[in-house]
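Data block below; observations after.
Values in this document were obtained by computation on a predicted structure and should not be read as measured data.
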Amino acid sequence: EEHLIIPDGIHTIAEKAFDSIYNLKTIVVPEGVHTIEDDALHYCFQLESVTLPSTLRTLSGFAYLSIKKLPIPLGVETIGINAFKGCGELRKVILPPSVTQIEKGAFAWCSKKKDVYIPESVTSIADDAFSQSPRIVIHVHPGSYAEEFAKGHKVKFDNDVDPYLDELKKAEKGPAKKKTTSKVAKAEAKEIVETTPAEPAAPFSLSASGKTLNKYEGKETVVVVPDGVTEISSFAFSDTKVTSVTLPDSVKKIGQYAFNGCTKLEQIRIPESVTSVGGYAFAKCSVLKEITWPGSIKKLPDSVCDNCNAL
C-alpha cells in the first residue's frame with residue numbers, strides 16, 4: 001500500500017514493523033503511540049510524509065530514508081538510536097522543548113548540509129550522535145548543554161535560534177481556525193438558517209490525564225489555572241493577553257517559553273510546589289514588575305526573564 005493509517009490501540013511501532021515496504025509513501029501514526037523503535041521503517045525508501053501523535057515520547061526509525069520534512073510534536077523526550085542516520089534529504093530538524101536526550105548515531109552519516117535546532121531542555125547527547133556528519137550545523141542557546149557539547153566534540157554550531165523559535169510557536173498555535181456555521185436548508189421555504197454552537201470552548205487545552213496544561217485558549221485576561229495541573233507546558237501562555245495568572249499548589253514544572261511575549265502580564269504567583277522553570281519562561285513580559293521565586297527552585301536559567309524591562 002502507498003498510504004497507511006495505523007489503527008488505534010497501538011502503543012509501540014516495533015523494530016522493522018514496516019520492513020521493506022518499498023512503495024509506502026504516507027503513514028499516519030495514531031494518538032496513543034509512545035515509541036517508534038530503531039529501523040521501524042526499514043527500507044521504506046519512497047516515504048514522503050509522516051504524521052506523528054502528541055503522545056509520542058521516543059522517536060527513532062527514520063535511518064537512511066529520503067523524507068524531506070518531519071514535524072516533531074511537543075512531548076517527544078528522546079531522539080532514539082540512529083533516528084535520522086543517513087537522512088540526506090532531511091535538511092532541517094527542529095527539536096521541541098520537551099526533548100531531553102539525543103542517543104547514539106541519531107544524526108550520524110549525514111553527508112549533506114543539515115540544520116538542527118537543539119533546545120535548552122536537552123541535557124544528554126551521545127558522543128557519536130553527530131558522527132561522520134561534517135556538514136551539520138546545530139543551533140543552540142548560549143550557555144546550554146548542547147553548546148558545551150558542540151565545543152567539546154567539534155560539531156559546528158551557532159546561537160542563531162530565533163528563526164527556529166518562531167517556527168515552534170507557529171506549530172504550537174496550529175493552523176488558523178476558520179469560523180464555521182452549520183447550515184440547515186428548509187426545503188419548503190428555501191431558507192437557510194445559520195446556527196452556532198451553544199457551548200463555548202474550554203479555555204484550557206489539557207493532556208488526557210488533566211495534569212499538563214498544553215495551551216491557554218481563552219480570552220479572559222485574569223486567569224486561574226485549575227487545581228490538579230502539575231505542568232505548564234512550553235508556550236502554554238505565549239503571546240496571550242493575560243494580565244494576571246494564578247497557579248495552583250499542584251504545579252511542579254513551568255516549561256520553556258511558557259509565558260514568553262505576554263506583554264500585558266503584570267503579576268503571577270509562583271507556588272512553593274514549583275521545582276523547575278524552563279529557559280525564557282517569562283521573557284519579553286515587558287510590564288511584569290515583580291516576580292518572587294520560591295525556595296523550592298534550586299537553579300534558574302539566566303534567560304528566564306530575558307527582556308523583562310520593568311523588573
Side-chain angles (χ1 to χ4, degrees), residues 8-12 29-36 52-59 71-80 95-101 119-124 168-169 171-174 199-240 242 244-260 262 265 267-282 291-301 304:
D8 293 335
I10 303 295
H11 300 296
T12 298
V29 182
E31 293 295 316
V33 171
H34 53 70
T35 302
I36 299 177
L52 299 174
S54 63
T55 54
L56 192 64
R57 296 295 175 264
T58 299
L59 174 62
I72 302 175
L74 181 66
V76 170
E77 299 169 352
T78 299
I79 304 301
L95 304 184
S98 52
V99 173
T100 59
Q101 63 178 334
E120 287 184 299
S121 55
V122 171
T123 56
S124 174
L168 282 170
K169 284 183 182 180
E172 278 298 292
K173 291 179 180 179
E199 297 182 2
F204 301 107
S205 172
L206 302 175
S207 63
S209 65
K211 293 184 178 182
T212 300
L213 195 161
N214 292 320
K215 194 70 178 173
Y216 174 63
E217 299 175 335
K219 295 182 179 180
E220 297 296 325
T221 57
V222 178
V223 179
V224 178
V225 174
D227 290 335
V229 169
T230 60
E231 179 178 348
I232 308 299
S233 188
S234 300
F235 300 103
F237 286 86
S238 180
D239 295 322
T240 60
V242 294
S244 173
V245 178
T246 301
L247 303 178
D249 291 333
S250 55
V251 172
K252 297 179 181 179
K253 179 180 179 181
I254 299 174
Q256 295 182 81
Y257 304 93
F259 295 89
N260 180 73
C262 292
L265 182 64
Q267 59 181 1
I268 183 167
R269 172 184 173 268
I270 309 294
E272 289 287 338
S273 55
V274 173
T275 58
S276 174
V277 179
Y280 299 91
F282 296 93
I291 185 167
T292 302
W293 304 108
S296 54
I297 301 175
K298 303 304 180 184
K299 185 179 179 181
L300 284 169
V304 68

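- When all heavy atoms of G32 and H11 are compared, the pair lying nearest together is O-ND1, 3.2 Å.
- The side-chain hydrogen bond (donor to acceptor under 3.5 Å, both in side chains) search around E272 returns none, not counting sequence neighbours.
- Listed here is the closest heavy atom pair of P301 and G278: CG-C, 3.8 Å.
- With sequence neighbours excluded, the residues that form a side-chain contact (heavy atoms from CB on, under 4.5 Å) with T12 are H34, T35, E37.
- In this structure, G75 and S98 approach most closely via the heavy-atom pair N-OG, 2.8 Å.
- Inter-residue side-chain proximity for L265 and V245 is flagged as met; some heavy-atom pair is nearer than 4.5 Å.
- Annotation: side chain of V225 is in contact with side chain of F237 (closest heavy-atom distance under 4.5 Å).
- Using a 4.5 Å cut-off on side-chain heavy atoms (C-beta onward), L95 and I72 make contact.
- In this structure, CD1 in I36 is found 12.5 Å from CZ in R57, a value given to the nearest 0.5 Å.
- Once rounded to the nearest 0.5 Å, the distance linking CG of L300 with CH2 of W293 reads 5.5 Å.
- Under the side-chain contact (heavy atoms from CB on, under 4.5 Å) criterion, T212 pairs with S207, N214, E231, S233, not counting sequence neighbours.
- Scanning for side-chain hydrogen bond (donor to acceptor under 3.5 Å, both in side chains) contacts around T55 gives an empty result, with sequence neighbours left out.
- Residues F235 and P97 are in side-chain contact: their nearest non-hydrogen atoms beyond the backbone lie under 4.5 Å apart.
- Summarising the geometry of G255 relative to A281, their closest heavy-atom pair is O-CB, 3.8 Å, with the distance given to 0.1 Å.
- Put simply, CD1 on I79 and OG on S124 are 12.0 Å apart, with the number rounded to the nearest 0.5 Å.
- A distance of 11.0 Å separates CD of Q101 from OG of S121, quoted to the nearest 0.5 Å.
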Step by step, would you call E77 with T58 a side-chain hydrogen bond (donor to acceptor under 3.5 Å, both in side chains)?
CA-CA 6 Å; E77 299 169 352; T58 299; over 6 Å; no
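- T221 places no side-chain N or O within 3.5 Å of a backbone atom of V242 that could act as its donor or acceptor partner.
- Residues E31 and S54 come closest through the heavy atom pair OE1-OG, 2.7 Å.
- T275 meets the side-chain hydrogen bond (donor to acceptor under 3.5 Å, both in side chains) test with no other residue; sequence neighbours excluded.
- Proximity of T292 to I270: side-chain heavy atoms (C-beta onward) are nowhere separated by under 4.5 Å.
- Residues T100 and V122 fail the side-chain proximity criterion, which asks for heavy atoms closer than 4.5 Å.
- Using cut-offs of 30° and 60° for the angle between ring planes, the Y216 and F204 rings count as tilted.
- With contacts defined as side-chain heavy-atom distances shorter than 4.5 Å, the pair Q256/P119 qualifies.
- When the side-chain contact (heavy atoms from CB on, under 4.5 Å) test is applied to S244, the partners found at least two apart in sequence or on another chain are V222, Q267.
- You'll find the side chain of E220 stays beyond 4.5 Å of the side chain of P203, heavy atoms only.
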Going through the distances and angles, do I268 and F259 end up as a side-chain contact (heavy atoms from CB on, under 4.5 Å)?
CA-CA 10 Å; I268 183 167; F259 295 89; 3.6 Å; yes
Using the rule given for side-chain contact (heavy atoms from CB on, under 4.5 Å), can you reason through I254 versus L247, listing the C-alpha separation, both sets of side-chain angles and the distance that settles it, and then say yes or no?
CA-CA 10 Å; I254 299 174; L247 303 178; 3.9 Å; yes
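- Contacts of P30 classified as side-chain contact (heavy atoms from CB on, under 4.5 Å), with partners at least two apart in sequence or in another chain: I6, D8, V33.
- Considering only residues two or more places apart in sequence or on other chains, R269 meets the side-chain hydrogen bond (donor to acceptor under 3.5 Å, both in side chains) condition with D249.
- Annotation for V274 and I297: closest pair O-CG1, 3.3 Å, computed over non-hydrogen atoms.
- Separation of atoms CD1 (I232) and CG (L213) is listed at 5.0 Å; rounding is to 0.5 Å.
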Between V29 and L56, is a side-chain contact (heavy atoms from CB on, under 4.5 Å) present by the stated rule, with each step listed?
CA-CA 9 Å; V29 182; L56 192 64; 5.8 Å; no
